[in-house]
Amino acid sequence: MRKRPVPCIAAIAAVIPILLLFGSAALSFELEQRVQSFTLENGLKVLIQERHLSPTVSLYIRHDVGAVDEISGRTGTAHFLEHLLFKGTRTIGTKDFKAEEKIREELIRTGNELDREKRKGKAADGEKIKELARRLAELQDRESRLIVHNEIDRLYTENGGTRMNASTGQDITSYFVSLPSNKIELWARIESERMREPIFREFYSERSVIMEERRQMIESLPERKLWEQFLATAFTAHPYRRPIIGWPSDIANFNYDFVREFYRTFYAPNNTVIAVAGDVSAPRVMEMIRKYFGGIPAQKIYRPHITEEPVQSGERRVFISMKASPRIAMGWHKPPLPSFDDTVFDIIEALLSRGRTSRFQKRLVEGKNIAERIDAANGFPGSRYPNLFVVYGTPRGPHSAAELEKEILAELEKLRKEPVAAAELEKVKNQIRMDYLRDLDSNEGLAGKLSYFEVVAGDYRYIKQHLETIERITPKNILEVANRYLKRENRTVAVLGGTDR
Amino acid sequence: MKTRFLLLISRLCILFIFVLCGANAGAAEITADPGLLRYPPLKFEVPQTERVVLKNGLTVYIIQDRELPLVRAAALIRAGSAYDPPGKEGIAEIAATVMRTGGAASLSGDRIDERLDYSASVVSFTAGLDACTGSVNAHRDHFPEAFALFADMVRKPAFDVKKLAIAKNLKIESLRRIKDDPQKTAFREFRPLIYRDNPRGRLATIRSVGSIRREDLTRFHADRFRPGNMLVAITGDISREEALKLAELRFGDWKTKPAAAAYPDPPRPVSHGSVHLIEKTVPQSTIILGYVVPGKSSPDFYSLSVLDFLLGSGGFNSRLTGEIRNRRGLSYSTGSFYSAHGNYGAIQAYSITNTASTAEVLQVIRETLDSLRKKGITEQELSWAKKSINNSFVFDLETAEQIAAEMLRVEFYGLPADFLSSFRDRIEKVTSAEVRESAVRHLPSDGAVVLIVGNEDGFEKPVAPSGKLIRMKENF
């Protein structure tokens with residue numbers, strides 16, 4: 001088989017300045033100089049980086065909790081909780097808090113009763129369901145009249161907040177917003193209160209919104225449906241097998257008290273990291289965070305045992321029937337960060353699918369022209385627990401998913417047999433070094449990255465450690481890792497649509 | 001009154017406790033109502049940029065930002081899909097792709113890829129409706145090389161036939177796959193419905209892309225890619241002199257005949273509304289209702305921006321999101337957006353809802369617009385919209401790259417030079433009467449074009465009077 005042409009000497013020489021100026025040591029040294037890190041008495045961790053380019057600031061709050069922490073029958077709780085946190089607090093979002101609370105008590109009682117009756121299935125009392133539904137609607141209406149709708153959103157929006165959002169992952173739940181930098185106190189005021197005492201208003205209509213979200217983001221999209229089934233097959237025991245949004249019947253049965261309990265267990269300051277990047281003074285921000293968040297009591301986090309995934313003992317396959325063009329997903333189990341092997345997979349990911357000269361793009365998408373796209377990704381569907389290295393591809397008609405699978409496997413076989421050429425490895429390392437620089441280029445990217453690694457790796461300085469590990473990786477390491485993990489008995493394949501069976 | 005009094009008391013208590021603690025003496029109290037927080041003033045002026053016109057008519061903007069060793073270039077070229085010849089829709093897009101992949105000057109596409117990837121530089125071209133956007137993103141040490149390659153692609157693309165064939169194949173496959181995604185299908189198919197026979201209303205199809213040949217690309221390139229049709233910005237860790245020297249070196253001797261092809265007329269508003277349906281077996285309906293409206297060069301741009309904000313782009317408190325998502329729980333994604341180009345634009349309201357709520361949600365959208373026309377907006381809504389739009393303006397100009405992109409757009413669309421610096425004032429001057437007038441004039445009840453992609457059997461009631469529903473197929 002043909003080897004890739006080795007880039008000319010000039011190109012190699014041209015890249016040296018990056019190494020000299022932005023080798024990992026220089027880069028990370030700079031990062032530690034720039035980031036200021038504090039921990040409040042209650043365990044809240046704060047990372048601040050001043051950047052005075054524009055009068056803006058990006059703010060991240062990340063809680064060390066995600067879908068993996070849910071128990072069976074309650075999948076989707078972490079995500080639903082995240083939605084409910086936009087409903088306000090005791091002082092935000094209400095016209096008369098006491099009156100509202102009283103109605104809510106009855107509303108939840110009615111809702112619980114209705115859910116219980118519905119769960120009886122065929123044995124359910126139709127009349128009773130009708131009556132309960134009528135009463136629930138009436139109570140919702142009364143609650144609604146006492147609510148100031150979407151006040152958190154209004155406050156942020158009118159003060160220039162942008163990109164305000166939240167996300168729930170398998171490992172982590174995040175709340176973020178960017179504000180004009182003079183408005184940072186608004187963020188502290190809102191977020192400290194919603195961390196301490198959120199009020200779950202409009203519980204049942206939000207539950208319906210999640211149902212719509214599921215229909216829109218999963219049921220209607222072949223790619224997402226494929227991933228859901230893929231994960232349910234690749235993992236047999238670990239919670240990574242479950243969809244973050246939840247299984248439909250769990251969503252239909254979200255229960256107020258269970259969500260409350262989940263919130264109480266995990267939303268503690270000692271389970272939280274804040275990152276601030278932008279046009280601020282670090283001491284002043286620190287003082288403000290202490291003032292607003294300092295009084296939230298620390299608590300003992302009881303994390304239930306999370307089932308470990310047993311070693312896979314043979315290839316697994318699943319086919320999803322759907323009228324759509326074919327798609328294929330493949331995955332291999334592997335250890336999580338900060339293991340050395342995980343970092344080697346970052347290199348493998350880039351070799352396979354990063355840029356126009358990557359192996360998949362050059363050989364399969366363009367060379368053989370049999371795929372519309374092929375992507376590789378390391379660390380799916382989460383980073384914290386043993387996870388997967390995955391490949392996703394869409395064959396170009398008339399080529400089938402089976403043909404594409406064969407070609408993808410042939411490319412992986414090359415990784416197991418032939419050492420990667422020095423120049424190709426260097427190219428990939430250059431790309432990863434540049435990623436680092438580009439990530440620093442926005443307040444949002446920076447705050448996001450610092451807080452993410454502080455939570456999942458336990459220390460934002462993992463970023464530096466990662467770059468250093470990248471430097472050390474040799475062609476032999478890649479060969480070993482490819483042979484250790486990218487083998488048949490460790491693989492799961494999911495195919496959707498087309499005519500493949 | 002009563003609650004205020006209570007709040008005051010609780011505030012005093014907090015203050016008292018802090019004082020007792022001693023250690024926290026002087027710590028300010030926590031404001032009970034976050035709406036009453038006071039903030040220091042924000043210092044923000046639209047940043048100054050340097051603008052230079054080369055002898056051949058090419059305009060270059062320069063902004064220095066030395067925080068990180070990165071340099072970027074951006075270009076706008078009058079070569080969007082609005083210039084696709086009829087029957088050859090997709091040319092602008094394929095040309096953009098093959099300029100990048102198909103080699104330039106004396107280098108093959110593969111050699112260029114190797115050089116750029118090795119230094120982790122990124123060069124790309126994307127075709128929009130009106131403009132082709134080019135960009136370069138590189139480490140400062142590699143920027144000169146990447147910029148030189150970029151200039152070669154713009155000036156002397158080779159349009160290698162093999163790379164053209166690949167680009168066409170991939171585009172055709174991605175067209176085939178659009179029908180798997182109801183939302184993408186809906187927004188794509190909506191464009192011809194509102195822009196109609198205007199060039200912006202034509203879609204690339206499997207057939208039109210299939211018919212594109214190399215000489216089509218070379219002709220398109222010769223017509224469209226000229227110094228007078230192009231604006232460039234260079235930003236980042238580079239001095240003014242260096243940037244200018246590079247621009248002069250790579251583009252200074254670029255000479256072509258003066259631009260020939262005329263700027264296409266803006267799309268006209270639709271005079272009679274209609275309701276269209278694309279049948280699809282999916283659990284949800286995607287509903288879009290839209291209008292052709294004026295763009296950024298119109299005095300109505302500001303009142304339309306406020307109108308769109310309150311209708312559906314202003315987050316949870318906009319009318320559509322508040323009613324459909326929040327109060328009724330019928331949708332996860334709903335709202336509106338105003339895509340304002342130079343002398344035209346479109347306002348589109350949308351909602352993705354479960355099949356059985358399709359007619360209800362369409363009705364809510366219609367009623368919301370009705371109420372905007374009949375009752376207008378409240379003063380409270382007006383001031384909230386103004387505050388929100390103006391306070392977030394700083395985020396349109398957050399980085400050197402964004403500032404450059406905005407400057408390029410202003411000039412590209414022929415807007416006045418003070419467009420950005422006067423923006424907040426113009427928004428501030430909008431009155432509620434103007435918003436209502438804009439709603440009446442530009443979003444008339446009989447002019448709404450509606451498209452639903454969904455499963456008609458499951459609709460709870462008809463979405464249009466009998467005989468008025470236009471069933472259509474996707475264009476592929």
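Protein chains get the first letters and strands the later ones, always in sequence-line order, with residue 1 at the start of each.
L221(A) contributes atom CG, which lies 8.5 Å from atom NZ of K184(B) (distance to the nearest 0.5 angstrom). In this structure, S208(A) OG and R328(B) CZ are separated by 13.0 Å, a value rounded to the nearest 0.5 Å.
Checked by atom type, the side-chain pair N354(B)/E212(A) shows a donor-acceptor distance below 3.5 Å.
Counting heavy-atom pairs closer than 4.5 Å to chain B, the top residue among N159(A), D96(A), I152(A), I147(A) is N159(A). Ranked by heavy-atom pairs under 4.5 Å with chain A, the first of K179(B), K171(B), K43(B), Q183(B) is Q183(B). Annotation: maximal heavy-atom pairing with chain A below 4.5 Å, among L170(B), V282(B), V394(B), occurs at L170(B). With chain A as partner, the option from L330(B), D113(B), L397(B), V122(B) having the largest number of non-hydrogen pairs under 4.5 angstrom is D113(B). The greatest number of non-hydrogen atom pairs below 4.5 Å with chain A, out of R176(B), R177(B), E398(B), is found for R177(B). Between chain B and the options E223(A), R438(A), R214(A), the largest number of non-hydrogen pairs under 4.5 Å is found for R438(A). Interface summary for chain A: among T101(B), D65(B), I389(B), the most heavy-atom pairs under 4.5 angstrom belong to T101(B). Your options are G315(B), S174(B), A385(B), G35(B), and the one with the most heavy-atom pairs under 4.5 Å with chain A is S174(B).
Contact annotation for R189(A): only side-chain heavy atoms (C-beta onward) come within less than 4.5 Å of a heavy atom of chain B. With a threshold of 4.5 angstrom between heavy atoms, L116(B) does not approach chain A through any atom at all. Neither the backbone nor the side chain of K368(A) comes within contact range of chain B, judged by heavy atoms closer than 4.5 Å. When heavy atoms are compared at a cutoff of 4.5 Å, I166(B) approaches chain A by way of both its backbone and its side chain. With a 4.5 angstrom heavy-atom cutoff, I92(A) touches chain B only via side-chain atoms. At a 4.5 Å heavy-atom cutoff, the contact between N369(A) and chain B is made by side-chain atoms alone. The part of R163(A) that comes within reach of chain B is its side chain, from C-beta onward, which places non-hydrogen atoms under 4.5 angstrom from that chain. For a residue to count as touching a neighbouring chain, one of its non-hydrogen atoms must lie under 4.5 Å from one of that chain's; by this rule N443(A) touches chain B with the side chain only. There is no contact between A188(A) and chain B, counting heavy-atom distances below 4.5 Å. Neither the backbone nor the side chain of S192(A) has a heavy atom closer than 4.5 Å to any heavy atom of chain B. Proximity to chain B involves both the backbone and the side chain of T394(A), based on heavy atoms less than 4.5 angstrom apart. Neither the backbone nor the side chain of I184(A) comes within contact range of chain B; no heavy atom of the residue lies under 4.5 Å from a heavy atom of that chain. Both the backbone and the side chain of L42(B) come within contact range of chain A, each with at least one heavy atom under 4.5 Å from a heavy atom of that chain.
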_side-chain contact (heavy atoms from CB on, under 4.5 Å), that's the test. Do K386(B) and E158(A) meet it? Break it down for me._
CA-CA 8 Å; K386(B) 286 179 178 177; E158(A) 73 186 20; over 6 Å; no
*Given salt bridge (Lys or Arg N to Asp or Glu O under 4.0 Å), test K163(B) with E366(A) step by step and report yes or no.*
CA-CA 8 Å; K163(B) 298 289 183 184; E366(A) 302 201 2; 3.6 Å; yes
*Please walk me through it: do Q216(A) and S333(B) pass side chain to side chain donor-acceptor pair (under 3.5 Å)?*
CA-CA 8 Å; Q216(A) 180 184 332; S333(B) 293; 2.9 Å; yes
*Please report the C-alpha distance between R154(A) and W384(B) in whole Å, then the side-chain angles of each, then the deciding distance to 0.1 Å, and finally whether the side-chain contact (heavy atoms from CB on, under 4.5 Å) criterion is met.*
CA-CA 8 Å; R154(A) 177 182 66 77; W384(B) 177 68; 3.2 Å; yes
_Trace of the side-chain contact (heavy atoms from CB on, under 4.5 Å) decision for T399(B) with L53(A)_ = CA-CA 7 Å; T399(B) 63; L53(A) 291 176; over 6 Å; no
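By the neighbour-count criterion of 12 heavy atoms within 6.0 Å, atom CZ of R284(A) is sparsely surrounded, having that number or fewer from other residues, nucleotides or ligands.
Note on ring orientation: taking the six-membered ring where Trp is involved, the planes of H83(A) and Y332(B) are parallel (angle under 30°, cut-offs 30° and 60°).
Nearest heavy-atom pair across T157(A) and G314(B) is CG2-O, 4.3 Å. Scanning both residues, S220(A) and P182(B), for their nearest heavy atoms gives O-CD, 3.5 Å. Minimum heavy-atom separation, E219(A) to P283(B): CB-CG, 3.8 Å. Between N326(B) and H149(A), the closest heavy-atom pair is OD1-ND1, 3.4 Å. Of all heavy-atom pairs between A120(B) and M434(A), the closest is CB-CG, 3.5 Å.
At least one side-chain heavy atom of P69(B) sits less than 4.5 Å from a side-chain heavy atom of L437(A). Annotation: side chain of K362(A) is in contact with side chain of D110(B) (closest heavy-atom distance under 4.5 Å). Looking only at side-chain heavy atoms (C-beta outward), P34(B) and L186(A) come within less than 4.5 Å of each other. Between F395(B) and P180(A) the shortest side-chain heavy-atom distance falls below 4.5 Å.
Here E67(B) pairs with R34(A) in a salt bridge; the nearest charged N to carboxylate O distance falls below 4.0 Å. Ion pairing of E202(A) with R327(B) is absent here, as no side-chain N (NZ or NE/NH1/NH2) approaches a carboxylate O to less than 4.0 Å. Ionic pairing of R72(B) and D441(A) is present here: one or more N-O contacts between side-chain nitrogen and carboxylate oxygen are shorter than 4.0 angstrom. Under 4.0 Å is where a charged nitrogen must lie from a carboxylate oxygen, and between R327(A) and D180(B) at least one such pair does.
Between the R356(A) side chain and the G109(B) main chain, no donor and acceptor come within less than 3.5 Å of each other. For D117(B) (side chain) and K427(A) (main-chain N/O), no donor-acceptor pair under 3.5 Å exists by modelled atom type. A distance-only check finds a donor-acceptor pair linking the side chain of N430(A) to the backbone of Y118(B) [under 3.5 Å]. One N or O on the side chain of N150(A) and one on the backbone of F316(B) form a donor-acceptor pair closer than 3.5 Å.
Stacking of K183(A) on the aromatic ring of Y39(B) is recorded, both the 6.0 Å distance cut-off and the 45° axial limit being met.
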